[in-house]
2 protein chains.
Amino acid sequence: MKNSAVTSSRVFLLEDDQSLGVTLTERLHKEGFDVKWARSIGEINKQELANTFDLLILDVGLPDGSGFEVGKEIRSTSDVPIIFLTAQSSAEDRLRGYEIGAEEFIPKPFHLRELFLRVRHVLRNHPRSQKLTLADVTVDFASLSVERSNGDGDLTKEKLNAKEARVLRLLIERSPSVVSRDELLDRVWGVNEYPSNRTVDNVIVRLRQLLGPIAGQKIVSVRGIGYQWVQS
Amino acid sequence: MKNSAVTSSRVFLLEDDQSLGVTLTERLHKEGFDVKWARSIGEINKQELANTFDLLILDVGLPDGSGFEVGKEIRSTSDVPIIFLTAQSSAEDRLRGYEIGAEEFIPKPFHLRELFLRVRHVLRNHPRSQKLTLADVTVDFASLSVERSNGDGDLTKEKLNAKEARVLRLLIERSPSVVSRDELLDRVWGVNEYPSNRTVDNVIVRLRQLLGPIAGQKIVSVRGIGYQWVQS
DNA sequence: CGTTAATTGTCATGGTTATGTCAGATAATG
DNA sequence: CATTATCTGACATAACCATGACAATTAACG
């Protein structure tokens, strides 16, 4: 299938039906998404939902409550896009969903393909916060560019390539954890690629150059383990 | 109303039901849209639909044919956003609508408020530019023409074909984001079309030629990802 | 504190792969 | 049938990025 993001989007799925949950999780994963699945409201951490996912897919009818309530609560603190799944779909239900601020509303039963089309539609129109500003540099992941005010006040603008962008993003997302070389290789290069061990360093070198002497120091190497993005 | 652009958005409505047609026309007008209403397929001018509206709302069940067919035809030459209205809404119907490239699919009966929420949602995410002027060229998307002052002062006028126009428009709308080849293929060629890899490039080549040496440079390729329209 | 081994930093280089470009084939259009 | 639009395949070009050599740094140990 057609899909090529800079880094995989994180999708959260709240669905009590075991069979549908398994299927969706598997298929979304295959489509290149990073999926987390919960079966009930009790399991979820709303703080996490609001802040660490690019898309929430919420079933409305759950054993321990309504997905609408979850969505409403999330929406009060975050504008992460939400897709509701629902067994009924009266005009009232849909309106309620949209008024909560859902991006999409998909009645069951649906074809998987419909869901995927909508997921991509949503993510395409709702890019994640794509900018990082820090000291004298701004990284824009949407345009893959780095702007930096160069010592004597002039602005330089350079382009990140795809791998550099993915490495940087992964480091920032994982921060403050240390990201191992192996994980970088798996996530950025792919699980079946085994380039030499200097390869990762080279990307790091270039990133440090791009970010400049100040922000560049935020990428620190952790000997024997990997690299880490340190919050100032 | 949020959508207070310099000129109001032009909305086309295809709906055979007299009462619903009157209501929608009135209410959309009240919301600040410039509405044109047709009652049957026979009445419409597809060329006009494709290029001069910001949004099409098409009823699927019509006395003289299917709104799906109209949408499909339009979609082959334009990516104007489409909302389908339909009495039935099986999973198959919705999938069909989305595969045609519809932005939204609203089953009857619906609350007016639902429709308005969706209309605004679509227009917010899908701004349409009718003209582009830049350096020595002017692109008019309504007439699909490109005018350029040729080095020694004479004006050349050439025509864009439909695909060229759609690609250009998509790049500009998404700017400064990079638009992936996959998205271009999905949006311009269709979700079930997989032409060869060089196909997209060819359109880009031609666009660069049409736009000339100055404006042509605004289309930059981002290796491994896609293309990007760079501002200034 | 100094020596050594291991890890990481840096850079030039060339092979590899994606893209640019064009001519001709094919399909759509009228 | 003529004309235009669109796709395909071949080749040229350019960007990328993996590699390996070597320098710099760190950790460990005596």
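Throughout, a chain's letter reflects where its sequence line sits, starting with A, and its residues are numbered from 1.
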Are OP1 or OP2 of dT8(D) and a side-chain N or O of Thr199(B) less than 4.0 angstrom apart? yes

Could you state the atom-to-atom distance from CZ of Arg206(B) to C1' of dT8(D) in whole Å? 18 Å

It should be established whether Lys159(B) places a side-chain nitrogen or oxygen under 4.0 Å from OP1 or OP2 of nucleotide dT4(D). no

Test salt bridge (Lys or Arg N to Asp or Glu O under 4.0 Å) applied to Lys108(B) and Asp17(B), Asp93(B), Asp59(B), the passing residue: Asp59(B)

When the distance from CG of Leu185(A) to P of dC17(D) is rounded to whole Å, what number comes out? 14 Å

Arg166(B) (side chain) donor-acceptor with Arg187(B) (main chain) under 3.5 angstrom: yes

Please report, rounded to the nearest Å, how far the P atom of dA15(D) is from the CG atom of Leu160(A). 17 Å

5' priority, DNA chain D, between Ser196(B) and Pro195(A) [closest heavy atom]: Ser196(B)

Check the phosphate of dC7(D) against Trp189(B), side-chain N and O only, distance under 4.0 Å to OP1 or OP2. Yes or no? yes

Heavy-atom protein contacts under 4.0 Å, nucleotides 18-30 of chain C, coded B base, S sugar-phosphate only, - none: SBBBB--------

In whole angstroms, how far is the P atom of dC17(D) from the CG atom of Leu207(A)? 11 Å

Does Glu31(A) reach the main-chain N or O of Arg27(A) with its side chain, forming a donor-acceptor pair under 3.5 Å? no

Side chains of Val35(A) and Phe12(A), heavy atoms from C-beta outward: is any pair under 4.5 Å? no

Is Arg128(B) positioned over the aromatic face of Phe141(B), cation under 6.0 angstrom from the ring centre and no more than 45 degrees off axis? no

Axial cation check for Phe53(B) ring with Arg10(B), 6.0 Å and 45° limits: yes

Side chain of Asn161(B) (C-beta onward), nearest among dA18(D), dC7(D), dT6(D): dT6(D)

Roughly how many Å is it from CD in Glu164(A) to C1' in dA15(D), rounded to a whole number? 12 Å

